[in-house]
Student: 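Input: one structure, supplied below.
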Amino acid sequence: MLTLTPVGSGQPPDNDLLAGLNENQAEAVRCINGPLLIIAGAGSGKTRVLTVRLAYMLRNGIDARQVLALTFTNKAAGEMKERIGHLVGASTARSIWAGTFHSIFARILRQYAERVGYTSAFTIYDTDDQTAAIKAVMNQLGISQQVLPPSGVRSRISSAKNSMISWQEYARSAKSVLEQQTGQIFEQYERRLRLSNAMDFDDLLNVTIRLLRDNPDVLATLQERFRYIMVDEYQDTNRSQYTVVSMLAARHGNLCVVGDDAQSIYRWRGAEIRNILDFDRDYPKAQVVRLEQNYRSTKTILAAAHSVIKRNATQLKKELWTDNSEGEKITVLACRDDREEAEMIARTIRSRMASHGYSPKDVAILYRTNAQSQALEDALRRSNMAYHIVSGVSFYKRKEVKDALAYLRILVNPDDAESILRVINEPARGIGNTSIERIQSYAVQQGITFHAALQQIDRVPLMQARTVKAVSEFIGIIDRHRELLNELPPATLAQAYIEATGLPQMYRLQQNEEALDRWNNIERVLDHIAEQQELDESLTLVTYLEQIALISDADDPELGNNRIAMMTMHAAKGLEFPLVVIAGLEQGLFPLAKAEQDPEEQEEERRLLYVGMTRAREQLVLSYAEKRFRFGEITYSRPSMFLAEIDKATIAPSGRSMTGSEVTPQRPLKAPYQQTPGRAGSARGASAIEHNEYSQIPVPKRYTSVSQPASRRQAEQQAAPTVRVGQRVKHPMFGSGTISAVTGGGQTEKATVLFDNGQRKQLMVAFARLEIIG
DNA sequence: ACTTAGTAAATTCTC
DNA sequence: TTTACTAAGT
């Protein structure tokens with residue numbers, strides 16, 4: 001066992017750190033100079049090795065500020081810092097540069113923005129912004145969006161940029177008409193982003209590379225600053241990431257990369273598995289350490305996973321083994337359709353929870369596509385089991401939230417054309433498409449930004465007097481508040497500014513539930529800014545917006561809640577659960593249809609299954625359905641080829657009946673199975689229990705698009721009403737007040753609060769961080 | 001210029 | 001099933 005050192009209590013000798021590590025792990029920890037490749041099999045204690053290694057470095061006199069740790073999610077970086085904090089003290093840990101590639105390089109780029117032709121207030125464009133820019137460019141070029149779908153153009157451009165192919169190179173090697181047109185769009189797209197002082201995700205890396213290439217002094221500074229570099233999930237790095245890392249590590253050569261080629265599942269977004277396969281060729285002096293002992297799974301699970309992955313041709317040699325017990329065999333559930341599959345999964349989980357004492361948080365349901373979650377959710381809800389969806393539609397993707405953020409983005413970077421276009425007529429100001437088109441072509445013609453064109457609106461031809469007035473008012477709101485950018489704290493400014501845009505009023509005036517939800521979501525953004533500002537005094541709108549832009553769905557899984565976790569296998573990487581269910585093992589779904597021809601795709605799908613299976617510690621359940629609802633219609637499919645690849649000896653013999661009974665060796669199941677009356681038509685089969693005992697559990701209107709902001713956050717709030725009229729509450733922004741009315745329940749519960757400062761607000765209880773006082 | 005109705009398309013994964 | 005865009009109507 002590793003003894004955790006309390007913060008601030010002197011420094012115990014190093015062997016404390018190494019205690020409890022196996023030989024290979026200790027070797028990886030001790031090797032701090034020169035290139036090092038750690039091949040870390042699933043469940044081999046990678047995170048622990050990495051944190052201990054960093055702590056070991058710090059204990060041996062390396063300055064924390066010289067350490068750069070690159071991870072794939074912000075969450076991974078945060079956890080790493082926290083764990084190191086326990087070992088060496090929180091303040092030391094804080095000065096390590098740890099974060100995702102994108103967030104670290106965004107930070108660096110802000111510092112050197114002028115060197116590469118941007119201002120430090122540059123905007124980061126997400127996928128939607130990119131698509132919007134591409135559409136605008138296509139319009140301008142007169143290329144039909146029917147013939148050439150913008151989303152396809154976006155992904156071709158992005159994968160080119162991933163591989164560091166410039167528009168010039170792309171256009172030069174373009175063969176088909178499609179590629180030639182994409183090349184043209186590519187060129188204009190790059191120009192447009194540059195003019196907008198905006199970078200897309202790929203730019204964050206590629207512009208960094210350009211910065212380092214063209215500015216030897218910057219390169220030298222950064223090489224000195226980051227003398228020790230560590231890259232996690234190296235098998236998933238793309239070409240740009242690989243290049244940046246090699247440039248930074250070139251001087252000191254203290255580069256430690258960690259990964260597992262068997263878990264490379266991001267080929268589709270440009271990850272090059274070769275990066276890890278060829279590491280020892282790139283760095284001939286590299287030490288290689290293999291972590292092959294698995295501490296997570298049973299022998300059975302490991303054998304099953306191994307029997308699958310060994311069918312892949314391209315991989316590094318390694319043999320995972322474990323001291324863990326044999327464990328129970330794997331269960332395969334054969335189901336008639338997706339609905340029955342969901343029911344059987346719910347029942348299986350329930351019975352395993354009863355027989356093995358698992359609590360909900362010990363269980364995960366994994367699937368290939370997000371669309372599969374729906375049937376599963378319905379089943380869990382009906383059997384009254386607490387669940388929680390990791391990922392799904394993020395809060396920040398909601399229209400009203402994006403609108404509010406777009407307004408804020410314009411404030412810090414008025415050149416951001418995409419954001420202006422998004423909100424110029426939101427709420428409706430009488431600035432229609434025709435006017436916008438005219439202003440745009442004027443801007444292009446003059447070679448000025450969209451914002452500049454708006455400022456000289458009286459010079460734009462063919463403008464109606466009414467439109468000119470509307471535009472001047474719009475631009476006035478922005479410019480007026482821009483002057484306050486350095487005067488007011490971000491939260492105060494944002495509050496006043498958003499109020500001035502008329503966006504909240506628009507929703508407040510429509511007296512329906514949907515509008516109320518939307519208004520509340522905007523409030524929540526403002527609350528969030530206030531909250532962040534309190535946490536970090538130096539917060540600016542620029543840094544806040546950057547933080548939001550680089551957030552990922554996997555970053556906020558609301559741990560600590562005792563719920564069954566549901567997520568895609570991609571999102572499950574790095575996690576583990578005693579009981580794991582993998583649903584939908586069918587040809588055409590897993591592996592996906594397009595992988596059936598392409599052997600490389602097929603290998604990637606196989607690795608994905610490997611990742612899924614190795615999440616399980618004790619029990620693994622696999623399921624498939626003969627037919628399921630897809631694309632709004634019923635499709636039939638055969639069981640996945642992968643099922644046949646799993647070593648038969650690891651699978652429980654099934655008395656496979658198609659009647660929907662469980663096929664485990666475990667008890668036949670008489671576990672309590674309560675049924676909540678679901679939506680009309682949702683009860684089926686054995687649903688004899690139709691009483692209303694559980695009716696206070698709301699059936700969330702998930703698919704009405706409205707009342708489902710932040711699905712995960714909201715999923716927490718499945719319980720009955722939590723506030724009463726007359727109760728005293730406290731709100732982080734509005735202070736204390738009294739509840740004067742409550743409507744709805746569960747997720748739609750709204751409370752009207754009369755605040756002591758005289759304000760009256762209607763708040764969604766699920767979102768507003770109301771604290772009950774007195 | 002905005003609203004509405006109807007039709008087409010989309011459903012893999014993500015910083 | 002849901003969203004997104006287009007065309008016609010007000």
Side-chain angles (χ1 to χ4, degrees), chain A residues 70-77 99-106 124-128 130-132 135 144-146 149-152 154-155 158-159 161-162 199-206 233 236-238 240-241 264-271 366-375 391-394 396-397 399 425-436 464 466-467 470 546-555 567-573 584 588-595 601 604-605 607-608 611-612 628-635 702-706 708:
Chain A
L70 295 165
T71 60
F72 265 73
T73 60
N74 296 305
K75 183 180 141 234
T100 62
F101 277 92
H102 293 87
S103 65
I104 295 280
F105 294 123
I124 299 169
Y125 275 4
D126 68 12
T127 318
D128 288 344
Q130 288 178 50
T131 312
K135 283 180 184 167
S144 155
Q145 300 186 14
Q146 271 82 342
S151 57
R154 193 206 64 80
S155 73
S158 177
S159 61
K161 292 177 82 164
N162 267 321
M199 295 196 205
D200 63 22
F201 290 135
D202 305 315
D203 286 331
L204 291 177
L205 299 165
N206 288 345
E233 309 284 10
D236 285 329
T237 49
N238 64 25
S240 311
Q241 291 164 330
S264 168
I265 52 177
Y266 287 108
R267 196 174 89 101
W268 50 271
R269 70 170 203 213
L366 311 181
Y367 35 79
R368 180 67 241 262
T369 66
N370 278 315
Q372 288 168 258
S373 71
Q374 188 179 335
S391 177
V393 183
S394 151
Y396 300 103
K397 295 219 168 77
K399 181 189 184 308
N425 205 26
E426 195 73 39
R429 297 186 168 86
I431 308 172
N433 280 333
T434 350
S435 308
I436 293 172
Q464 309 245 353
R466 196 158 25 115
T467 316
E546 175 177 308
Q547 199 184 310
I548 298 302
L550 297 176
I551 211 166
S552 76
D553 288 339
D555 283 336
M567 68 193 97
T568 63
M569 272 167 282
H570 283 90
K573 197 158 115 174
L589 180 62
F590 192 20
L592 284 173
K594 72 160 190 178
E601 288 287 336
E604 174 129 332
E605 297 279 311
R607 289 193 292 267
L608 188 56
V611 168
R628 76 170 61 237
F629 240 78
R630 284 229 281 169
F631 297 92
E633 60 180 12
I634 294 170
T635 52
R702 283 214 57 197
Y703 307 105
T704 53
S705 86
V706 188
Q708 192 234 340

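Just so it is clear: chains get the letters A, B, ... in the order the sequence lines come, proteins before strands, and each one is counted from 1. Computation of the quantities below employed the complete heavy-atom set of this structure, encompassing side-chain atoms and omitting hydrogens, waters and symmetry-equivalent molecules. Just so we're clear, the structure is a prediction, and the values are computed from it rather than from any experiment.
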Student: Whole angstrom is fine here: how far is it from CG in A:Asp128 over to C1' in C:dT3?
Tutor: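 Atom-to-atom, A:Asp128 to C:dT3, this comes out as 13 Å.
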Student: Quick one: A:Arg267 CZ to B:dT12 C1', roughly how many Å, whole number?
Tutor: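 Value for this atom pair: 14 Å.
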Student: Classify the ring geometry between A:Tyr266 and A:Phe72 as parallel (under 30°), tilted (30 to 60°) or perpendicular (over 60°).
Tutor: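 It falls in the parallel class, under 30°.
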Student: Ring stacking, A:Tyr266 with base of B:dT14, under 5.5 Å and under 30°?
Tutor: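 Ring-base stacking flag not set for A:Tyr266 and B:dT14.
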Student: Could you tell me how far apart A:His570 (NE2) and B:dT11 (P) are, to the nearest whole angstrom?
Tutor: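 Rounded to whole Å, this separation is 16 Å.
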Student: Give a yes/no on whether any side-chain N or O of A:Ser435 is located under 4.0 angstrom from OP1 or OP2 of B:dA1.
Tutor: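 Looking at the OP1 and OP2 atoms of B:dA1, one of them is under 4.0 Å from a side-chain N or O of A:Ser435.
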Student: Who are the ring-ring contact (aromatic ring centres under 6.0 Å, His included) partners of A:Tyr125, not counting sequence neighbours?
Tutor: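 Once residues adjacent in sequence are excluded, A:Tyr125 has no partner under the ring-ring contact (aromatic ring centres under 6.0 Å, His included) criterion.
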Student: So A:Lys135, base contact, sugar-phosphate only, or nothing? Heavy-atom distance under 4.0 Å.
Tutor: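 Counting heavy atoms under 4.0 Å across all strands, the contact made by A:Lys135 is with sugar-phosphate only.
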Student: With distance as the sole test, does A:Ser435 use its side chain to make a donor-acceptor pair with the main-chain N or O of A:Ile431 at under 3.5 Å?
Tutor: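 Here the side-chain-to-backbone pair does not exist.
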Student: Among the candidates B:dC15, B:dT14, B:dA1, find the nucleotide nearest to the side-chain atoms of A:His102.
Tutor: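 The listed nucleotide nearest to A:His102's side chain is B:dC15.
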Student: Going by atom types only, do A:Gln130 and A:Thr127 share a side-chain donor-acceptor pair under 3.5 Å?
Tutor: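 No, A:Thr127 and A:Gln130 have no side-chain donor paired with an acceptor closer than 3.5 Å.
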Student: Supply the atom-to-atom distance A:Met569 CE to A:Ile265 CD1, rounded to the nearest 0.5 angstrom.
Tutor: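 The CD1 atom of A:Ile265 is 9.0 Å from CE of A:Met569, to the nearest 0.5 Å.
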Student: Mark yes or no for whether A:Arg368, through its side chain, and A:Phe590, through its backbone, hold a donor-acceptor pair below 3.5 Å.
Tutor: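 Side chain of A:Arg368 to backbone of A:Phe590: no pair is present.
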Student: Base, sugar-phosphate, or nothing: which does A:Thr434 touch, judged by heavy atoms less than 4.0 Å apart?
Tutor: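 Touches sugar-phosphate only.
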Student: Can any side-chain N or O of A:Ser240 pair as donor or acceptor with the backbone N or O of A:Asn162 at less than 3.5 Å?
Tutor: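 Indeed, once roles are kept as given, a pair shorter than 3.5 Å links the two residues.
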Student: What's the CZ-P distance between A:Phe72 and B:dC13, to the nearest Å?
Tutor: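 In whole Å, B:dC13 P lies 18 Å from A:Phe72 CZ.
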Student: Check the pair A:Lys161 / A:Asp200 against salt bridge (Lys or Arg N to Asp or Glu O under 4.0 Å), numbers first and verdict last.
Tutor: CA-CA 10 Å; A:Lys161 292 177 82 164; A:Asp200 63 22; 2.8 Å; yes
Student: Starting at OG of A:Ser103, measure out to CG of A:Leu204 and round the result to the nearest 0.5 Å.
Tutor: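 The distance works out to 9.5 Å.
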Student: Between A:Gln130 and A:Thr369, name the one whose nearest nucleotide on DNA chain B is closer to the 5' end.
Tutor: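 Final value for this comparison: A:Thr369.
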Student: Which nucleotide in the list B:dT11, B:dT12, B:dC13 gets nearest to the side chain of A:Leu592?
Tutor: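 Selected nucleotide: B:dT12.
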Student: Taking CG from A:Leu608 and P from B:dC13, how many angstroms apart are they, rounded to a whole number?
Tutor: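 Atom CG in A:Leu608 sits about 11 Å away from atom P in B:dC13.
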Student: Which atoms of nucleotides 2-4 of chain B (N or O only) lie under 3.5 Å from a protein N or O atom, and what are those distances?
Tutor:
unit_1	atom_1	unit_2	atom_2	d
B:dC2	OP1	A:Gly430	N	3.0
B:dC2	OP2	A:Asn425	ND2	3.0

Student: Does A:Gln374 use its side chain to pair, donor to acceptor, with the backbone of A:Ala371 at less than 3.5 Å?
Tutor: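 No; judged by distance alone, with no hydrogens or angles, the pair does not exist.
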Student: Counting only side-chain nitrogens and oxygens, does A:Asn370 get under 4.0 Å of the OP1 or OP2 atom of B:dC13?
Tutor: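 Yes.
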Student: When the distance from CG of A:Asp236 to P of B:dC15 is rounded to whole Å, what number comes out?
Tutor: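 Whole-Å distance recorded here is 12 Å.
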Student: Scan nucleotides 5-9 of chain B against the protein and return all N/O pairs shorter than 3.5 Å with their distances rounded to 0.1 Å.
Tutor:
none

Student: Take atom CD of A:Glu601 and atom C1' of B:dT12, then tell me their distance rounded to the nearest Å.
Tutor: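 For the pair A:Glu601 CD and B:dT12 C1', the rounded distance is 10 Å.
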Student: Whole-Å distance between B:dC15 C1' and A:Ile104 CD1?
Tutor: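 Distance check: A:Ile104 CD1 to B:dC15 C1' gives 13 Å.
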